[in-house]
Amino acid sequence: MRDVSLPTDLLEWYDRHARDLPWRVSPAARQAGQVPDPYRVWLSEIMLQQTTVAAVRDYFLRFTTLWPDVHALAAAPDEQVMGEWAGLGYYARARNLLKCARAVVTEHNGRFPDDHDSLLKLPGIGPYTAAAISAIAFDQAETVMDGNVERVMARLFNEATPLPAVKPTLKSHAAGLTPPQRPGDYAQAVMDLGATICTPKSPACGICPWRSPCSARAAGTAANLPAKSPKKPKPTRYGTVFLGRRADGAWLLERRPDKGLLGGMLGWPGSDWASEPIPPMPPCNADWQALPGEVRHTFTHFHLILTVMIADLPQSCAPRVGQFLPRQDFRPSDLPTVMRKAYDLSQA
DNA sequence: TATCCGTGGAG
DNA sequence: TCTCCAAGGAT
């Protein structure tokens, strides 16, 4: 027997407390008949993967201004899209974003498929995003499982088993609660609950619409759930980058290969990044000088300490790697953050 | 199943 | 300064 009161309670809370987000159709507008634009739902969900609402907002507005629909995005040059994504991180998302837009145009007549299985076949769309798009954009009764939902379910049912082993159990709990009515609003409601009330630290149980049925709240374990298996320490790696500038203002940059770290992004030529500093090979012969200070940056799984070398290069310079980008084509904002930090050091 | 893949804000 | 971690996906 499905407990219908829990979803109803949450939807009533959502009707009063839904956040105003640029990609969201408010519950009031939705019930008045306004339907979401699948393109905007898709774009927002890709950007929101492992990324906060605060970080996504401006990027979403910029992208939808530059490319209002999937046809426009599909026709955009790769370099421009990668440049606009710079700073948001997880750059495979940007590469797959373009692949997906072009697949929707060429294989789906410019319209996003509405079913979970077809969505799942598209680049960059996994189980969570497929469920989110079919629920939010097409109002299908799919169960979305993201970090928020996992946390809310672990607490609601007081599941003490650590992640990731407990995931199937949490998914089962979530599926049992997913209502046939307003599944799109419900999916967003659970995630809003996790983002604003059932937070990782110091959850606001006192104002939670689910405080009464919450098992962890009763047991006093909410703040410690979900349990997680211990994570590995991050090693430190070292490297060198070369900032070469010509008298005409052009900078020597290279496009990184699609696979691997910062794949497809613009960057400064330099050494590999290794556990010990290595003698670097300059991209061309010049009077390279080390800048005072260093760049420190932390990626998902290692710390990086970067030495920054700079030199004025002759107009005749024929670099071993990379190519010169004319001054008017160079925007520091096109660089991934670690590369922009190196540029900032040179301008300090 | 485990690892790789960014970034910036909160505490 | 340091750890955690946010609407995950690909391999």
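Below, read A as the first sequence line, B as the second, and so on, with proteins coming before strands; counting in each chain starts at 1.
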(request) Take K259(A) and K201(A), find for each the nucleotide of DNA chain C with the closest heavy atom, and name the residue whose nucleotide sits nearer the 5' end. (result) K201(A)

(message) Using a strict threshold of under 4.0 Å (side-chain N to carboxylate O), is an ion pair present between E159(A) and K167(A)?
(response) no

(message) Between C1' on dG8(C) and CD on E150(A), what's the gap in Å once rounded to a whole number?
(response) 10 Å

(request) Scan R19(A) against the nucleic acid and name what it touches under 4.0 Å (heavy atoms): base, sugar-phosphate only, or nothing. (result) base

(request) Answer yes or no: does a side-chain N or O of R95(A) lie under 4.0 Å from OP1 or OP2 of dA10(C)? (result) no

(request) With a 4.0 angstrom cut-off to heavy atoms of chain A, pull out the first and last contacting nucleotide of DNA chain B, in 5'-to-3' order. (result) dT3(B) to dG8(B)

(request) Supply the atom-to-atom distance S26(A) OG to D15(A) CG, rounded to the nearest 0.5 angstrom. (result) 9.5 Å

(request) Return the orientation label for the F112(A) and W42(A) ring planes: parallel under 30°, perpendicular over 60°, tilted otherwise. (result) tilted

(request) Taking all heavy atoms of Y186(A) and all of L177(A), pick out the closest pair and write down the distance. (result) OH-CB, 3.5 Å

(request) Measure the acute angle between the ring planes of F330(A) and W268(A), then classify it against the limits of 30° and 60° as parallel, tilted or perpendicular. (result) tilted

(message) Between Y91(A) and K232(A), which residue's closest nucleotide on DNA chain B lies nearer the 5′ terminus?
(response) K232(A)

(request) Indicate, with a heavy-atom threshold strictly under 4.0 Å, whether R296(A) touches base, sugar-phosphate, or nothing. (result) nothing

(request) Identify whether any heavy atom of I46(A) sits under 4.0 Å from a base atom; if not, whether one sits that close to sugar-phosphate; answer base, sugar-phosphate or nothing. (result) nothing

(request) Identify whether the distance between the nearest side-chain nitrogen and carboxylate oxygen of D78(A) and R255(A) falls below 4.0 Å. (result) no

(request) Using only heavy-atom distances, determine whether the side chains of Y128(A) and E45(A) contain a donor-acceptor pair under 3.5 Å. (result) yes

(request) Would you classify G87(A) as touching base, sugar-phosphate or nothing, given that sugar-phosphate means primed atoms plus P, OP1 and OP2, and contacts are heavy atoms under 4.0 Å? (result) sugar-phosphate

(message) In whole Å, I'd like the distance from the CZ atom of R93(A) to the C1' atom of dG8(C).
(response) 9 Å

(message) On DNA chain C, does the nearest nucleotide to P127(A) precede the nearest nucleotide to K234(A) from the 5' side, or the other way round? Give the residue.
(response) K234(A)

(request) Take the protein atom CZ of R151(A) and the nucleotide atom P of dC5(C), then report the distance between them rounded to whole Å. (result) 9 Å

(request) Mind calculating the distance between CG (L119(A)) and C1' (dG9(C)) to the nearest angstrom? (result) 15 Å

(request) Give me the residues of residues 128-146 of chain A where at least one heavy atom lies under 4.0 Å from an atom of DNA chain C, by number, or none. (result) Y128(A), T129(A), D146(A)

(message) Nearest whole Å is fine: how far is dA10(C) P from D258(A) CG?
(response) 15 Å

(message) Using a 4.0 Å cut-off on heavy atoms, which residues in residues 49-65 of chain A reach DNA chain C? List them by number, or say none.
(response) Q49(A), Q50(A), T52(A)

(request) For nucleotides dG6(B) and dT11(C), find the distance between their P atoms and express it as a whole number of Å. (result) 14 Å

(request) State, to 0.1 Å, how close W288(A) and A311(A) come at their nearest heavy-atom pair, and which atoms those are. (result) CE3-CB, 3.4 Å

(request) Whole angstrom is fine here: how far is it from NZ in K121(A) over to C1' in dA10(C)? (result) 17 Å

(message) Under 4.0 Å, heavy atoms only, any strand: does P164(A) hit a base, just the sugar-phosphate, or nothing?
(response) nothing

(request) Kindly state whether the ring of F60(A) and the ring of F63(A) have centres lying under 6.0 angstrom apart. (result) no

(request) Report yes if the distance between the aromatic ring centroids of F299(A) and H297(A) is under 6.0 Å, otherwise no. (result) yes

(request) Work out which heavy atom in L193(A) is nearest to a heavy atom in V152(A); give both atom names and the distance. (result) CD2-CG1, 4.2 Å

(message) Using whole Å, what does the distance between atom C1' of nucleotide dA10(C) and atom OH of Y90(A) come to?
(response) 12 Å

(request) Would you indicate what W85(A) reaches in the nucleic acid, counting non-hydrogen atoms under 4.0 angstrom: base, sugar-phosphate, or nothing? (result) nothing

(request) Using distance alone, with no hydrogens and no angle criterion, decide if Q140(A) and D115(A) have a side-chain donor and acceptor under 3.5 Å apart. (result) no

(message) I need the minimum non-hydrogen distance between R93(A) and T51(A), along with the two atoms involved.
(response) NH1-OG1, 3.0 Å

